[in-house]
Amino acid sequence: MTTQTITQIPVPPFFDAQRVGTVWRVPYSDRAAQAIEWATHHGLQPAANDKTRVCLLIIDAQNTFCIPDFELFVGGRSGMGAVQDNVRLCEFIYRNLGLITAIVPTLDTHTATQIFHPVFWVDAAGKNPPPMTMIAFDEVKDGKWRVNPAIAPSIARGDYDRLQAFALHYTQRLSENGKYPLTVWPYHSMLGGIGHALVSAVEEACFFHTIARSSQTHFEIKGGNPLTENYSVLRPEVLEGADGGAIAQKNSALIQMLLDFDVVLIAGQAKSHCVAWTIDDLLTEIQATDALLAKKVYLLADCTSPVVVPGVVDFTDQADAVFQRFAAAGMQIVQSTDAIAWA
């Protein structure tokens, strides 16, 4: 791949950074007409003509994670992390419309009765765990936490013993794999709910790119399996049941799609969880193919923030350490305002 520098263009005048932290309806017809005019004015060509193919992977830029007062707002240490990240992300998309070949947003997608939601578990008194409870393997083995019997009909066809055995297996596998203990999260990213939607400003930027570059946004759904967490869009946390049978599989189609691009840019939420584990899985696939491919992955460090719940948990240091490991493996850590030049 030869060195290529793309001249950045202005951010369209309709973009309002003050609205990025709010929810509103995108005026599609207006934006489509403006995108066509914008492309003509700035000489933007259809993305299919790109000599260097660049993918922007946006992890879970959804209301549930990115809008204050929603279920799992990622504030980072600044308290407004995801909002500030998305201002920079939108501006990056607009300035680099001529660079970005394809945009791939992931959508964390859940229903109520899943292994990481409160209703799945009960204690000895029959009470559900509060959000942010960490459930370790030993606590399931010792009976501190067990599967809620009431959910067995909808999750395991009424076979409660099999579901309880799976819960023990699942938490053990997380421990063996060196992952975080099972975290009980607030109900979030609920399918059909407003929290599931992309942040309005990010959706608008993706739509504008689609029209301006004739490149359909490629949405990736993740997280619907009731029996496993799915932080990474590339694979769930656990792939098999207690009997060794498959309960899920890795996203081979997306992995191959990303490997086929010349450049992969990554942003989104949260740096400590879904972003970090997606990148980690991508790095695993790269190293199994050709370790030198890591250099084509660029992490937009100012477009992602870690989970921080003041007085409860702060994953900032862990997230920073993981990103340094990615850099040591050859990935590029950059800022959204850096000059664009790919080699």
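The first residue in the sequence is number 1, and the count goes up from there. Heavy atoms only: backbone and side chains are in, while hydrogens, waters and symmetry mates are out.
In the hydrophobic clustering of ILVMFWY residues, with side-chain heavy atoms under 4.5 Å counting as a link, Leu168 and Val238 come out together. Residues Ile9 and Leu89 are members of one and the same hydrophobic cluster, defined by side-chain heavy-atom contacts under 4.5 angstrom among Ile, Leu, Val, Met, Phe, Trp and Tyr.
Between Leu300 and Tyr298, every side-chain heavy-atom pair lies at or beyond the 4.5 Å cut-off. Val74 is not listed as a side-chain neighbour of His273, based on a closest heavy-atom distance of 4.5 Å or more. Between Leu72 and Val307 there is no side-chain heavy-atom pair separated by less than 4.5 Å. Here the side chains of Leu107 and Gln62 are in contact, with some heavy-atom distance below 4.5 Å.
For Tyr187 and His110, the gap between ring centers reaches or exceeds 6.0 Å. Side-chain rings of Tyr94 and Phe14 approach one another, their centers coming within less than 6.0 Å.
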Quiz item: What do the steps show when you test Leu234 against Leu258 for side-chain contact (heavy atoms from CB on, under 4.5 Å), and what is the final call?
Solution: CA-CA 10 Å; Leu234 301 183; Leu258 295 175; 4.2 Å; yes
Exercise. Start with the C-alpha gap between Ile333 and Phe326, add the side-chain angles, then the distance that decides, and say whether side-chain contact (heavy atoms from CB on, under 4.5 Å) holds.
Key: CA-CA 9 Å; Ile333 298 180; Phe326 297 150; 5.8 Å; no
Quiz prompt | Test log, rule side-chain contact (heavy atoms from CB on, under 4.5 Å), inputs Ile155 and Ile115 | solution = CA-CA 10 Å; Ile155 297 298; Ile115 199 167; over 6 Å; no
Quiz item: Are Val184 and Trp145 close enough, and set up right, to give a side-chain contact (heavy atoms from CB on, under 4.5 Å), and what steps lead you there?
Solution: CA-CA 12 Å; Val184 177; Trp145 296 110; over 6 Å; no
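In this view, Phe70 satisfies the ring-ring contact (aromatic ring centres under 6.0 Å, His included) rule with no residue, not counting sequence neighbours. Annotation: side chain to side chain donor-acceptor pair (under 3.5 Å) contacts of Asp260 (sequence neighbours excluded): Gln256. Looking at residues two or more places apart in sequence or on another chain, you find no ring-ring contact (aromatic ring centres under 6.0 Å, His included) involving Phe261.
Pairs passing the side chain to side chain donor-acceptor pair (under 3.5 Å) check and including a residue from residues 275-287, sequence neighbours excluded, read Ser232-Asp281, Lys250-Glu285, Asp280-Arg325. Pairs passing the side chain to side chain donor-acceptor pair (under 3.5 Å) check and including a residue from residues 123-143, sequence neighbours excluded, read Glu139-Lys144.
Around CD of Glu176, the count of heavy atoms belonging to other residues, nucleotides or ligands within 6.0 Å exceeds 12.
Side-chain polar atoms of His218 and Gln216 form no donor-acceptor pair below 3.5 angstrom. Thr64 and Glu71 form a side-chain donor-acceptor contact under 3.5 Å, judged by distance and modelled atom types alone. One side chain, Arg77 or Thr316, offers a donor N or O that lies under 3.5 Å from an acceptor on the other. No donor-acceptor contact under 3.5 angstrom links the side chains of Thr304 and Asp85, judged on distance only.
Atom-to-atom distance recorded for Phe208:CZ and Ile36:CD1 is 10.0 Å, nearest 0.5 angstrom.
With hydrogens and angles disregarded, no donor-acceptor distance shorter than 3.5 Å links the side chain of Arg213 to the backbone of Leu44. Side-chain atoms of Tyr160 come within 3.5 Å of backbone N or O of Val147 as a donor-acceptor pair. Within the 3.5 Å criterion, the main-chain N or O of Thr210 finds no donor-acceptor partner in the side chain of Ser215. Checking side-chain atoms of Glu220 against main-chain N and O of Leu57 turns up no donor-acceptor pair under 3.5 Å. Although no hydrogens or angles enter the test, the distance criterion places a donor-acceptor pair under 3.5 Å between the side chain of His209 and the main chain of Ile100. Side chain of Asp338 to main chain of Gln335: a donor-acceptor pair is present (N/O by atom type, distance under 3.5 Å, no hydrogens or angles). In this structure, Arg95 contributes its side chain and Ser336 its backbone to a donor-acceptor pair below 3.5 Å.
Contact between Ile194 and Asn63 at its shortest, heavy atoms only, is O-ND2, 2.9 Å.
The pair Asp60-Lys222 meets the salt-bridge criterion, with a side-chain N (NZ, NE, NH1 or NH2) lying under 4.0 Å from an Asp/Glu carboxylate O.
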Can you list, pair by pair, the side-chain donor-acceptor contacts under 3.5 Å of residues 195-202, counting residues two or more places apart and other chains?
{"unit_1": "His196", "atom_1": "NE2", "unit_2": "Thr109", "atom_2": "OG1", "d": "2.8"}
{"unit_1": "Ser200", "atom_1": "OG", "unit_2": "Trp24", "atom_2": "N", "d": "2.9"}
{"unit_1": "Ser200", "atom_1": "OG", "unit_2": "Trp24", "atom_2": "O", "d": "2.7"}

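For the pairing with Ser305, the side-chain contact (heavy atoms from CB on, under 4.5 Å) check across Met80, Gln269, Lys271 returns one residue only, Gln269.
Ring pair His188/Trp185 is perpendicular by interplanar angle, where above 60° counts as perpendicular and below 30° as parallel.
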